[in-house]
Protein chains: 2
Amino acid sequence: MADIVRIGRHHLAIDGAAALSLRAVARDLGVVSSAVYRYVKSRDELLTLLVVDGYDELGDAVDAALAEVPGDDFVGRQAAIGRAVRAWALAEPATYALLFGSPVPGYEAPAERTLGPGTRVLRALVTLWTEAYAAGRLSPPEVEVSSTRLAAGFNAARDELGLDVPDSVVAACVFGWAALFGCLGWEVFGQYGRDGLGDPEALFELHLGMLAGAVGLS
Amino acid sequence: MADIVRIGRHHLAIDGAAALSLRAVARDLGVVSSAVYRYVKSRDELLTLLVVDGYDELGDAVDAALAEVPGDDFVGRQAAIGRAVRAWALAEPATYALLFGSPVPGYEAPAERTLGPGTRVLRALVTLWTEAYAAGRLSPPEVEVSSTRLAAGFNAARDELGLDVPDSVVAACVFGWAALFGCLGWEVFGQYGRDGLGDPEALFELHLGMLAGAVGLS
DNA sequence: CGCTTCCGAGAGCACCGCTCTCTCCTTAAT
DNA sequence: ATTAAGGAGAGAGCGGTGCTCTCGGAAGCG
């Protein structure tokens with residue numbers, strides 16, 4: 001079982017999710033393809049295993065990075081999260097694509113197995129920004145939520161995460177989350193062109209600063 | 001030829017890029033698969049045709065939306081671009097994923113055929129923000145580009161687009177571009193959860209406002 | 001009429017996901 | 001020790017994929 005996941009990760013890293021083949025995993029395992037079906041119900045099941053594996057590894061990387069930064073250094077914590085996700089994404093672009101890129105056609109990750117590990121990075125960001133807000137170090141732009149459905153969605157999100165923050169902080173969290181991963185995806189997926197504007201790492205550091213400014217973190 | 005692209009687009013919209021099958025296109029065309037190879041060299045060639053087609057359609061949609069907004073309404077123009085891209089992305093999520101999502105493994109879009117149409121949206125955004133800067137309506141956050149390689153990349157980008165703006169504007173353009181598509185990708189690819197926080201459209205409008213704030217547009 | 005050129009059909013190769021059956025081989029209970 | 005049970009791999013087979021090859025017919029042209 002562990003071998004299957006290991007070889008699967010290897011193939012995922014080399015060939016990408018769409019090319020992940022249970023038969024190839026079986027070949028590398030020195031076994032006929034039907035034997036693998038004893039352990040993994042289907043190719044989608046293997047994908048799910050790799051999704052959970054990836055979320056866990058990314059979550060661990062983020063947690064480890066956060067442990068090195070003092071709790072009241074909010075800008076530093078945000079940068080640590082960003083750099084940790086970026087480093088992991090560049091090291092495992094195919095897994096990053098599987099988790100945060102376009103969905104694999106015909107495959108939907110089962111929420112009951114991926115929702116927990118899948119939101120660890122989001123929770124880390126939300127925790128950071130809400131703590132900063134409580135400490136008076138987050139001044140997000142004012143927003144007015146005129147849509148009652150969106151207000152309900154914000155309330156649901158607040159309940160789910162146990163937060164007590166105004167709409168502007170929720171909006172900043174959502175925007176900051178999406179913007180951060182937007183910058184990351186753009187780099188990992190090569191939208192900046194082949195050379196990434198010369199120095200992708202420096203560009204990302206710039207983006208981290210602009211992100212802090214956008215959510216009002218100081 | 002036109003039929004092939006049309007049916008290909010249909011399959012792309014329904015099944016996604018990875019499931020795009022030249023054999024299925026041939027079936028729908030009422031023809032045996034090898035016949036299609038007379039016109040399309042390979043599956044990747046078909047993908048390239050669809051990529052160019054998608055870029056063109058998206059670019060046209062953005063241009064049409066911009067034509068409805070007065071040139072000095074910079075916030076309105078930014079919103080128009082954002083809404084146009086969003087509407088097109090929601091209408092054609094598979095094509096959007098093909099253009100802006102994770103790369104299809106083993107496929108690389110040939111730059112000479114996709115670079116022109118592929119940068120139309122970026123050019124629209126850059127034009128908007130640089131014009132706003134020239135009109136004194138864009139006050140992006142100050143940045144210092146300490147990496148010489150990144151500075152060279154910024155200069156190359158300035159030359160390529162024929163701009164005369166400081167580093168802070170270039171940085172704002174890149175960040176705004178990535179952040180906008182980050183928000184869009186998050187929604188299109190379903191990272192906001194099944195219900196999109198209750199009202200995806202209202203959320204996007206919020207994000208548009210925060211984006212304007214982040215790049216300093218007024 | 002003959003010739004070339006195009007176009008579709010068909011067979012075939014190797015790969016894929018997945019299912020089925022068959023045969024071992026280990027384990028546990030009697 | 002014998003026997004029953006279950007796990008594990010092998011192998012064949014189904015329909016699908018991308019792609020290549022050859023063949024035959026049709027259309028245009030000298």
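Given the structure is predicted, the values throughout are model-derived calculations rather than measurements. We use all heavy atoms of the structure for the numbers below, so side chains are in, but hydrogens, waters and symmetry mates are not. Chain identifiers are assigned alphabetically (A, B, ...) following the order of the sequence lines, protein sequences preceding nucleic acid strands; residue numbering begins at 1 within each chain.
Checked by distance alone, B/Arg38 brings a side-chain donor or acceptor within 3.5 Å of a matching partner on the base of C/dG8. Residue A/Arg43 places no side-chain atom within donor-acceptor reach of the base of C/dG17, judged by atom type and a 3.5 Å distance cut-off alone.
When heavy atoms are screened at a 4.0 angstrom cut-off, B/Val31 is found touching the sugar-phosphate backbone but no base atom. Backbone-only engagement by A/Leu20 is indicated by non-hydrogen atom pairs under 4.0 Å involving sugar-phosphate atoms exclusively. In this structure, A/Leu29 reaches neither bases nor backbone, as no heavy-atom distance under 4.0 Å exists between it and the strands shown.
Positionally, the nearest nucleotide of DNA chain D for A/Ser34 lies more toward the 5' end than for the other of A/Ser34 and B/Arg27.
In this structure, A/Glu57 pairs ionically with A/Arg9, as a charged nitrogen and a carboxylate oxygen lie closer than 4.0 Å. In this structure, B/Asp167 pairs ionically with B/Arg158, as a charged nitrogen and a carboxylate oxygen lie closer than 4.0 Å. A salt bridge is defined here as a Lys NZ or Arg NE, NH1 or NH2 lying under 4.0 Å from an Asp or Glu carboxylate O, and A/Arg123 with A/Glu160 fails to meet this definition.
In this structure, A/Asp15 places its CG atom 10 Å from P of C/dC16, rounding to the nearest Å. Note: NZ (B/Lys41) to C1' (D/dT20) measures 15 Å, nearest angstrom. Whole-Å rounding puts the B/Leu46 CG to D/dC19 C1' distance at 14 Å. Distance B/Ile4 CD1 to C/dC7 P: 11 Å, rounded to the nearest Å. Atom-to-atom, CG of B/Leu22 to C1' of D/dC19 comes out at 9 Å; the value is rounded to the nearest Å. Here the C1' atom of nucleotide C/dC18 and the CZ atom of A/Arg23 are 8 Å apart, to the nearest Å. In this structure, OH of A/Tyr107 is placed 18 Å from C1' of C/dC18, rounded to the nearest angstrom.
Taking only side-chain nitrogens and oxygens, B/Ser21 comes nearer than 4.0 Å to OP1 or OP2 of D/dG18. A sub-4.0 Å separation between OP1 or OP2 of C/dG8 and a side-chain N or O of B/Tyr39 is present.
Between atom CZ of residue A/Arg120 and atom CD1 of residue A/Ile81 there is a gap of 12.0 Å, rounded to the nearest 0.5 Å.
Ring pair A/Trp186/B/Trp177 is perpendicular by interplanar angle, where above 60° counts as perpendicular and below 30° as parallel.
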